[in-house]
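To start, the structure under review is shown below, and the notes come after it.
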Amino acid sequence: MAAYDFDAPRLYLDVPMRAGVQHSLDRAQANYLLGVLRRAQGDRVLVFNGRDGEWVAEIRPTGRKAGDLVLREQARPQTAAGDLHYLFAPLKAARLDYVAQKAVEMGASLIQPVITRRTQGDRIKQERLAANAIEAAEQCGILTIPEIRDAVPLPAALAALAPGRLLVFCDEDAPIADPVAALRHAAAEQGGNGGPPLAVVIGPEGGFTPEERALVLDRPNTVRLSLGPRILRADTAAVAVMALVQAVLGDGRGG
């Protein structure tokens, strides 16, 4: 990342990308680039669509508050997305925004809200989740946008997981033990080369009910983790476990 262009603003554009393509900025994009950032004719913008890699574009103003982007060359080829599903009980709006953004930053390839007995969050708005995911990807240099699914009850979300996907269950009632060793042991039991496909499940404030906990633990290929002696807020636990999983089994592994 040392050679990454941190000075150029970055936008997600859901359009095909190739040299010479011209894209008319919508009102929000034009206001951001021309009004807020004060960018001008010929300034660079990095753009991506989640399919065609990252491209360098130039600004071409067409008015005081309007303009186009003209794609010039590919800056980075598209890379394969990771395979980490993030299952979480919805939270209230501001904290839900935070969780969605951090899940994208930490490499989630799929975001799945799950409804539990103690879920307290408001009704899930797909558009808001998608907007937070896009904003996080724009700011973090990520080339793919995770799939965002509709909220479903916990049993349905568990049933939809492929049997071979390792489910990491953060359980506040789990005995305190080394989470790194537990993850490595669970992955080794699967065998094969490379890291296994992964999923993480985070419960609501107040935790899972005993029945829900039993349901998760009854699923084969599930590893139960403690995140230490402190009771973490659900949004804090999400960041902690995603970082842990990526460092031990995911794209944060060295060598």
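Predicted model, so just to flag it, every value in this text is computed and none were measured.
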In Å, rounded to the nearest 0.5 Å, how long is the span from [atom1] of [X] to [atom2] of [Y]?
X    : Y    : atom1 : atom2 : answer
Q74  : E54  : CD    : CD    : 9.0 Å
I148 : I134 : CD1   : CD1   : 7.5 Å
L198 : R165 : CG    : CZ    : 7.5 Å
E211 : T209 : CD    : OG1   : 4.5 Å
D171 : T222 : CG    : OG1   : 11.5 Å
C140 : K102 : SG    : NZ    : 7.0 Å

Can you name the residues that form a side chain to side chain contact (heavy atoms under 4.5 Å, CB included) with [X], not counting sequence neighbours?
X   : value
Q41 : R60, P61
E58 : R72
L37 : P9, Y32, L33, R39
D14 : Y12, R51

For L249 and L166: C-alpha separation, side-chain torsions, deciding distance, then whether side-chain contact (heavy atoms from CB on, under 4.5 Å) applies. CA-CA 10 Å; L249 301 179; L166 178 63; 3.9 Å; yes

Please report the closest heavy-atom contact between [X] and [Y], naming both atoms and the distance.
X    : Y    : value
Q29  : L25  : OE1-CA, 3.5 Å
D52  : V15  : OD2-O, 4.5 Å
P146 : V104 : CG-CG2, 3.7 Å
G20  : V70  : O-CG1, 4.4 Å
I202 : C170 : CD1-SG, 3.7 Å
A19  : W55  : N-CZ3, 3.3 Å

hydrophobic_cluster_shared for [Y] and [X], side chain cutoff 4.5 Å:
X    : Y    : value
V45  : F48  : no
V21  : V56  : no
M106 : V248 : yes
Y98  : I145 : no
V245 : I111 : yes

Working for side-chain contact (heavy atoms from CB on, under 4.5 Å), residues V241 and V168: CA-CA 9 Å; V241 73; V168 180; 4.0 Å; yes

Who passes salt bridge (charged side-chain N to carboxylate O under 4.0 Å, His left out) against [X], sequence neighbours left out?
X    : value
E212 : none
E147 : R149
D235 : R95, R233

I'd like a table of donor-acceptor pairs (distance under 3.5 Å, sequence neighbours excluded) in which one partner is a side-chain atom from residues 178-186, with atom names and distances.
unit_1 : atom_1 : unit_2 : atom_2 : d
D178   : OD1    : V180   : N      : 3.0
D178   : OD1    : A181   : N      : 3.4
H185   : NE2    : E189   : OE2    : 3.1

For P113, the option from V152, L129, T119 that meets side chain to side chain contact (heavy atoms under 4.5 Å, CB included): L129

If you link I, L, V, M, F, W and Y whenever their side-chain heavy atoms are under 4.5 Å apart, who else ends up in the same group as L161? L87, V114, L154, L158, L167, F169, V201, F208, L215, V216, L217

S109 side-chain N/O to L84 backbone N/O, donor-acceptor pair under 3.5 Å: yes

Counting distance only, does the side-chain N/O of D83 pair as donor-acceptor with the main-chain N or O of P197 below 3.5 Å? no

[X]: partners by side chain to side chain donor-acceptor pair (under 3.5 Å), with sequence neighbours left out:
X    : answer
N31  : none
N132 : D97, Q101
T79  : none

If you apply the rule side-chain contact (heavy atoms from CB on, under 4.5 Å), what do you find for V99 with V239, and how did you get there? CA-CA 8 Å; V99 165; V239 175; over 6 Å; no

Walk me through whether E138 and L11 qualify under side-chain contact (heavy atoms from CB on, under 4.5 Å). CA-CA 6 Å; E138 287 176 337; L11 288 180; 4.0 Å; yes

A side-chain contact here means heavy atoms from C-beta on lying under 4.5 Å apart; do Q112 and Y86 qualify? no

Min side-chain heavy-atom separation I115-P90 under 4.5 Å: yes

Taking it one step at a time, do Q126 and D150 satisfy side chain to side chain donor-acceptor pair (under 3.5 Å)? CA-CA 7 Å; Q126 292 293 99; D150 291 330; 3.3 Å; yes

